[in-house]
Amino acid sequence: MYMRRIGEVEVSAIGLGGMPMSIEGRPDESRSLATLHAALDAGVTLIDTADAYHRDAGEVGHNESLIAKALSTHERGGDVLVATKGGHLRPGDGSWTLDGRPEYLTLACEASLRRLGVEAIGLYQFHRPDPRVPYAESVGAIRDLLDEGKIRMAGISNANPEQIRQAQEILGGRLVSVQNQFSPAFRSSEPELELCDELGVAFLPWSPFGGISKAGELGSTYAPFARVAQEHGVSAHQVCLAWMLAKSPVVVPIPGASRPESVQDSVRAAGLELSAEEIAELDAA
């Protein structure tokens, strides 16, 4: 497995997003565990989750608990950096709400600690800005968790360049990651990616294939990705991930999966080399 860095931690160049295994349309637990174990077998050492990755109101942290179970039952479980998040909520009706209050983030982190069964969370990220709460207060809570040793590294998600710079200042230069949506269909996070490259902060693209409902249409919607894929004898999804990796050494994609075969395909993207001409073609797609 090719490796990259988040802070001082070396992780697999391709991570795994856990959300599809816990929200609407999720598979049964046995298939999810098989998917997580397949990721570990393939050398994945970064798994992204959140307390809000659940379906029903009474199962907050479903995905965190699932990942903890998978890691505890695999010989390589101790090698994985688990990145979780706080600040989003799911009432159970399919909607997403926000709570960026410092007191809430503190309680959410402590609950995540218990579910993951660890003394300190490897990477804890503020999930999404809450317009009702000053951003500095929310990020200040993440700083306090870092200072208290409840988390080992701090990140933010769904942030713009101004918020990235503000978070870096509040955290005293200890911001290690920014997790934003980025895909062939959603490229408006290019400025954030470029800023992360400038700052040496890891950039974790979520929904790199365009989202759960559209992932299967990647090749048919974006013909250059399908053409390059055919040239290399691989999937359009592998080409997409390789294209992202070529953008900057700080990029670590976290494609979601709910089947072992999906994980195995994604991981192979780390070894796929694209030519400068191919990258330019994909950039223009």
Side-chain angles (χ1 to χ4, degrees), residues 1-7 9-17 43-48 81 83 123 125 155-165 167-168 175-211 214-215 217-219 221-232 234-257 262-263 265-285:
M1 170 60 78
Y2 295 80
M3 308 299 284
R4 296 209 161 174
R5 300 193 76 82
I6 297 179
V9 179
E10 196 172 60
V11 298
S12 54
I14 302 293
L16 172 65
V44 171
T45 59
L46 171 66
I47 299 179
D48 179 77
L81 172 64
L123 171 59
Q125 305 155 101
I156 55 176
S157 183
N158 301 298
N160 62 36
E162 180 182 354
Q163 291 165 337
I164 293 172
R165 293 188 185 279
Q168 180 73 307
L175 178 70
V176 302
S177 66
V178 174
Q179 183 179 147
N180 274 20
Q181 184 176 8
F182 185 70
S183 70
F186 191 94
R187 305 194 189 194
S188 60
S189 283
E190 284 271 12
E192 288 82 7
L193 192 163
E194 292 170 1
L195 178 56
C196 286
D197 181 78
E198 174 189 326
L199 297 174
V201 170
F203 183 84
L204 314 181
W206 62 263
S207 286
F209 305 141
K214 296 183 178 179
E217 304 168 8
L218 175 64
T221 304
Y222 298 94
F225 285 84
R227 191 204 68 75
V228 174
Q230 185 175 15
E231 184 73 22
H232 288 270
V234 301
S235 69
H237 301 89
Q238 280 188 50
V239 170
C240 178
L241 296 175
W243 166 69
M244 291 185 178
L245 290 172
K247 284 190 168 291
S248 167
V250 304
V251 174
V252 186
I254 47 171
S262 299
V263 172
D265 185 72
S266 291
V267 164
R268 288 192 284 270
L272 177 60
E273 292 190 18
L274 304 175
S275 68
E277 292 76 16
E278 288 170 333
I279 293 171
E281 180 182 0
L282 298 173
D283 284 340

Please give me the minimum heavy-atom distance between [X] and [Y], naming the atom from each residue.
X	Y	answer
D265	S235	OD2-OG, 2.7 Å
P208	S183	O-CB, 3.2 Å
R187	A284	NH1-N, 4.5 Å
P184	L218	CG-CD1, 3.8 Å
S266	I14	O-CG1, 3.9 Å
P205	P253	CD-CA, 3.5 Å

Counting C-beta onward and ignoring hydrogens, is there a side-chain heavy-atom pair between [X] and [Y] closer than 4.5 Å?
X	Y	answer
D283	K247	yes
T45	M3	yes
Y222	C240	no
H237	P255	no
F209	E217	no
F186	S207	no

Any chance you could measure [X], atom [atom1], to [Y], atom [atom2], to the nearest 0.5 Å?
X	Y	atom1	atom2	result
I279	W243	CD1	CH2	10.5 Å
L282	R227	CG	CZ	8.0 Å
W206	S157	CH2	OG	7.5 Å
D48	L81	CG	CG	9.5 Å

Would you be so kind as to tabulate the donor-acceptor pairs closer than 3.5 Å made by side chains of residues 194-201, with sequence neighbours excluded?
residue: D197; atom: OD1; partner: S248; partner atom: OG; Å: 2.5

Is the side chain of [X] donor-acceptor paired with the backbone N or O of [Y] at a distance under 3.5 Å, no angle test?
X	Y	result
Q179	L204	no
N180	N158	yes
E278	S275	yes
R4	L245	yes

- Atom CD of Q230 with >12 non-hydrogen neighbours under 6.0 angstrom: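 At most 12 heavy atoms, drawn from other residues, nucleotides or ligands, come within 6.0 Å of this atom.
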
- Item | More than 12 heavy atoms from other groups under 6.0 Å of CD on E190 |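 Atom CD in E190 is packed in, count exceeds 12.
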
- Query: Which of these passes side chain to side chain contact (heavy atoms under 4.5 Å, CB included) with L46: V252, V9, L16?
  - Reply: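 Of the listed options, the one satisfying the test is V252.
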
- Verify whether one side chain among H232 and Q238 offers a donor that lies under 3.5 Å from an acceptor in the other. no

